[in-house]
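One-based numbering, in listed order, for ligands and for the atoms of each.
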Amino acid sequence: MGEPSKILLDEAELPRRWYNIMADLPSPPPPVLHPGTLQPIGPDDLTPLFPMDLIRQEVTTERYVDIPEEVLDVYRLWRPSPLHRAHRLEKALGTPAKIFYKYEGGSPAGSHKPNTAVPQAYYNARAGIRRLTTETGAGQWGTALAFACSQYGLDCEVWQVRASYDQKPYRKIMIETFGGVIHPSPSELTGAGRAVLAEQPDSPGSLGIAISEAVEVAAGNPDTNYALGSVLNHVLLHQTVIGEEAIAQFGKVGMTPDLIIGCTGGGSNFGGLAFPFLREKLAGRLDVTIRAVEPASCPSLTRGVYAYDFGDTAGMTPLMKMHTLGHDFIPDPIHAGGLRYHGMSPLISHIYELGLIEAVAKSQRECFEAGVRFARTEGIVPAPEPTHALAACVEEALRCRETGEEKVILTALCGHGHLDLAAYGAYLAGDLDDHELSEAQLATSVSGLPAVPDGRP
Ligand SMILES: *Cc1c(COP(=O)(O)O)cnc(C)c1O
């Protein structure tokens, strides 16, 4: 037998705590501001939307947070997740690089999203909340939250970006199967939705609009809270279970990665895999390069401005300093690869500003080409999002073929693409074009950024 193709952990090796990178950063990220006063917000500003346990996790600087037993019980349905070695992809590329992927597609939603949906539902149920609202784009997050709510007896109401709602009927059915209620966004059910529809009756929607709708309903109902599937500190915290497992799995074969590559929408699967390794790097125990990959049509890290902006389109959320394309930004409909959010997690943005990670943007045909190559070698049809990371893996592996370097590459295969086959269909039919955000579009969308005086950190 040669080198293993799959590194597994026992159930007993499931991590029992999440890792909080805030404890180890050389400086803290800039504070989140109240949109009215422009002063840093306090816990009370967030209580209409989140339970106190999650608010505490949002701001804590404790290095580790214990995972509740009730959450571990649900995690055990699919965790620990496998770490695979992509022997067949390596062979097809003729590369001496060793490519590993941490596969999150075995979860109930088919992605990493349940890693945070489950604890979010748990803490809300424990706080006596009866219903959670949320937005979803492609549908992964709505599915994950509907599943998590079903575990703890909560109702779940999801606003899905209209364009995806129409294109991906199977997500709706899956959300309903888990007991959730789903609406296309913009909808007539909220003031935010009605305002958009009044201006543009055929609006394709955006994550920013759907967030406004879900937040509005949660803020107006005392028994209802809101849940966000990415971007926030507590979400990235929960996702670190991925990286902690990966460290244990590499330990079993006596290896460490030289390069970690992940796709970034709001930054949660990337942060979840990378942060525990970044802890090792910051402590001087590991020499590793960490690379974020985003779509050329929605390039918040590589081309967005680092500024205070709203998390949603209507401007209802607190102001977060992040790499942003502007909260009015709507990606071109030609873009099929997910990762469509206008901003980047403030924590990832800060870490990028500190120079601790790299970022690159990829065009969609290169991504789908890598996704198809991966499917034909490794046998998994990846979700469109991680094909961005796979495109960067292929690029690096081919570079290693030139240099002869036996680099160890680790990537986050954060979901499968079984419900995104229409995007593969479009690619295979030759209907997908590359689209790069133009300077003019970018200038327009960042022109709506809220004014925050320079004196602010
Ligand atoms: C939601 C999602 C993403 C993007 O969100 P991040 O917070 O950046 O991880 C990426 N991949 C998959 C499979 C997703 O479901």
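A salt bridge links R131 with E157: at least one charged nitrogen is closer than 4.0 Å to a carboxylate oxygen. By the 4.0 Å N-to-carboxylate-O rule, K172 lies close enough to E176 to be salt-bridged with it. A salt bridge links E244 with R279: the distance from a Lys NZ or Arg NE/NH1/NH2 to an Asp or Glu carboxylate oxygen falls below 4.0 Å.
Near G267, with a cut-off below 4.0 Å to any heavy atom, the atoms of ligand 1 are 6 (P), 7 (O), 8 (O). With ligand atoms numbered from 1 in the order given, ligand 1 contributes 6 (P), 7 (O) to contacts under 4.0 Å with heavy atoms of S230.
The distance from the CG atom of N20 to the CG atom of N233 is 7.5 Å, given to the nearest 0.5 Å. Distance check, rounded to the nearest 0.5 Å: CD of Q167 to CG of D420 gives 10.5 Å.
Residue contacts with ligand 1: G265 is placed with a nitrogen or oxygen under 3.5 Å of a nitrogen or oxygen of the ligand (distance criterion only). Looking at ligand 1, you won't find any N or O of C414 less than 3.5 Å from one of its N or O atoms. No N or O atom of Q140 sits closer than 3.5 Å to an N or O atom of ligand 1.
Between F310 and H327, the ring planes lie perpendicular to each other; the angle is over 60°, past the 30° to 60° tilted range.
Of all the heavy atoms of T264, the ones lying under 4.0 Å from any atom of ligand 1 belong exclusively to the backbone. In L339, the part holding a heavy atom less than 4.0 Å from any atom of ligand 1 is the side chain.
If you check each of K113, M344, H416, H388 against atom 5 (O) of ligand 1, the one with the closest non-hydrogen atom is K113.
For the ligand labelled ligand 1, residue H112 lies inside the 4.0 Å heavy-atom shell.
In summary, the aromatic rings of F374 and Y101 are positioned with their centroids under 6.0 Å apart.
Of the protein's heavy atoms, E385 CB, 3.4 Å lies nearest to atom 10 (C) of ligand 1.
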